Engineer: 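Below you will find the structure I want to go over with you.
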Amino acid sequence: MPGQQRDLSCDVLIVGSGAGGLSTAITARKSGLDVIIIEKDRYFGGTTAFSGGVLWIPGNSHARNAGVSDSREAARTYLKHETGNHFDDAAIDAFLDVGPRMLDFFERETEAKFVLSAYPDYHPDVKGGAALGRSVTAAPYDARALGEEIRRLRPPLETITFIGMMFNSSNDELKHFFRVTSSLKSAIYVAKRLASHVKDLALYRRGVKITSGNALAARLAKTVFDLGIPLLTGTPAQRLVSRNGAITGAVVRDENGEFRITARCAVVLASGGFPHDRARIARAYPHLVRGGEHLSPTPETNTGDGIHMAEQVGGNCDIRFSNAAAWMPVSRVPLGSRTGAFPHLVDRYKPGVIAVNRQGRRFTNESESYHDVGAAMIADGAGGRETAAWLICDHATIRKYGLGYAKPAPVPVGIFVRNGYLTRGATLRELAANAGIDSDGLEGTVREYNQGAVHGEDAAFKRGSTAFNRYLGDAEHKPNPNVAPIAAGPYYALKIIMGDLGTFDGLTTDVVGRVVRHDGTAIGGLYAVGNDRASIMGGNYPGAGITLGPIMTFGYITGRHLAGQQA
């Protein structure tokens with residue numbers, strides 16, 4: 001607005017609108033502070049809106065109410081094993097002590113609601129690991145409650161929806177879609193669900209029955225709007241403003257130009273880490289260091305802006321973890337003139353699907369977590385430029401479960417072969433030749449794998465041996481929900497490469513979130529939450545929700561601290 005005074009002031013300026021920024025803003029506002037949130041993107045919700053919406057919170061009330069036995073000591077033992085040399089006593093203790101109270105606060109004081117998840121820890125057989133009770137999931141939400149603000153809610157990740165429809169993973173909804181051609185009950189359910197969704201698309205240009213991280217982002221944002229907190233989208237921060245060594249605000253920009261927001265108390269960086277900062281990930285990701293490729297399904301606006309601004313005033317973002325990000329195997333999806341990233345969250349666990357390298361050899365238990373499989377892919381590619389694998393299955397398997405973006409029956413599989421997403425071969429040798437895999441290696445691997453698979457056994461990698469492996473398998477497939485032979489052709493291959501769900505490395509902070517210089521001193525008035533702050537997990541991935549659980553816990557701790565209150 002040329003000629004008009006546009007500068008603003010507040011107690012706390014928050015840069016970013018994912019779960020870290022929103023939870024900090026809500027906590028600070030409810031503690032009496034005046035807050036403004038700015039967001040670079042035209043949408044709010046950040047990476048959270050693309051996520052599974054799961055929080056890992058040991059000792060949470062949902063588990064207690066369900067009679068699940070657990071202890072703080074067991075969780076601490078588990079985290080000590082998982083984080084190794086990066087175990088931070090003060091931060092871990094704060095997380096374990098405050099996490100359950102944070103969850104209760106948000107359920108009591110905000111629109112946020114959660115349900116107990118059936119997810120086991122990712123390494124449940126490790127000392128202190130748990131088979132149930134530490135993960136909770138955001139409850140589904142009707143996005144129409146946002147009113148006009150629904151247009152600014154980040155849509156879910158395109159590649160994991162069906163014509164924009166989200167699925168509720170906490171019930172049997174997906175099973176109805178899998179059984180649509182074999183069950184009248186499922187066919188009726190699917191017809192009603194599709195009709196309702198098409199109506200929503202006509203009225204709102206998006207699905208309104210939302211789940212997972214989209215529901216979490218919407219619930220938190222609804223509270224932000226109810227509290228009267230300004231949330232300025234399309235407003236990236238340009239640089240921090242300081243006086244006498246302390247941060248006093250930021251220069252920001254919108255469609256009308258630059259203006260200043262003064263922050264009397266603090267600026268909180270919550271801009272989503274650096275998964276699209278090409279220069280930094282080229283140094284931080286081992287597969288990129290050696291010349292490989294990477295495709296992140298996180299929002300493209302997460303270019304490390306907060307970290308760059310903090311470094312300009314003395315902040316420190318060392319690449320300290322061997323796994324600098326939460327690895328996610330992805331496949332490239334042709335979307336007309338665009339390319340999408342499909343995160344392989346479920347298909348790897350299904351019986352009859354294996355992963356091989358270019359030599360046609362298996363290299364890991366395909367039913368481990370995405371992060372573990374990603375780390376195995378990176379290790380398998382050491383010594384070469386390529387970090388890639390191919391998911392292999394037969395015709396019956398792909399029609400039953402689908403493979404990546406390729407949907408199960410009744411959706412035709414041929415369209416995914418024609419557009420290059422899938423490779424097909426009448427025989428394993430033909431498949432290998434078409435996919436660029438060693439033919440002898442693939443034939444030998446399948447022959448060896450099938451010898452045990454016909455009995456539900458995986459001698460090479462013990463697939464299906466843990467509660468977590470089995471959780472995402474096919475419970476109706478006996479005797480092992482993760483193992484079945486690769487039988488009659490035609491056969492299919494899908495190339496997967498490395499992606500991420502967000503970065504683990506980030507700014508060095510103290511427990512309450514103050515950004516710390518190399519010499520250990522805090523920068524006055526500057527805080528970091530979310531993926532802008534280094535993860536307490538040490539580059540490991542112990543369970544479902546180990547990003548959002550700590551993110552919201554430390555957002556709550558930071559918000560309380562800014563108001564002079566202990567969490």
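Remember, predicted model here, so these are calculated numbers, not experimental data. All values below come from the heavy atoms of this structure, side chains included, with hydrogens, waters and symmetry mates left out.
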Engineer: Within the 3.5 Å criterion, strictly below it, is a donor on Asn302 or Thr47 matched to an acceptor on the partner's side chain?
Structural biologist: yes

Engineer: May I ask you to establish whether Arg154 and Phe50 are in a cation-pi arrangement, using a distance under 6.0 Å from NZ or CZ to the six-membered ring centre and at most 45° from the ring axis?
Structural biologist: yes

Engineer: Is the closest side-chain donor-acceptor distance between His276 and Thr298 under 3.5 Å?
Structural biologist: yes

Engineer: Give me the one residue out of Glu149, Arg152, Lys40 that meets side chain to side chain donor-acceptor pair (under 3.5 Å) with Thr233.
Structural biologist: Arg152

Engineer: I'd like to know whether the aromatic ring centres of Tyr370 and Tyr122 sit less than 6.0 Å apart in this structure.
Structural biologist: yes

Engineer: Just wondering, are more than 12 heavy atoms of other shown residues or ligands nearer than 6.0 Å to CZ in Arg517?
Structural biologist: yes

Engineer: Decide if the gap between the ring center of Tyr527 and the ring center of Phe554 is smaller than 6.0 angstrom.
Structural biologist: no

Engineer: Is the count of non-hydrogen atoms from other residues, nucleotides or ligands lying under 6.0 Å from Arg290 atom CZ greater than 12?
Structural biologist: yes

Engineer: Any donor-acceptor pair under 3.5 Å linking the side chain of Ser369 with the backbone of Asp372?
Structural biologist: yes

Engineer: For Arg108, does the CZ atom have more than 12 heavy-atom neighbours from other residues, nucleotides or ligands under 6.0 Å away?
Structural biologist: yes

Engineer: Using the ring pair (Phe, Tyr, Trp, His ring centres under 6.0 Å) definition, which of the options Phe468, Phe321, Tyr541 pairs with His371?
Structural biologist: Tyr541

Engineer: Step by step, would you call Tyr285 with Trp327 a ring pair (Phe, Tyr, Trp, His ring centres under 6.0 Å)?
Structural biologist: CA-CA 10 Å; Tyr285 292 1; Trp327 304 130; 5.0 Å; yes

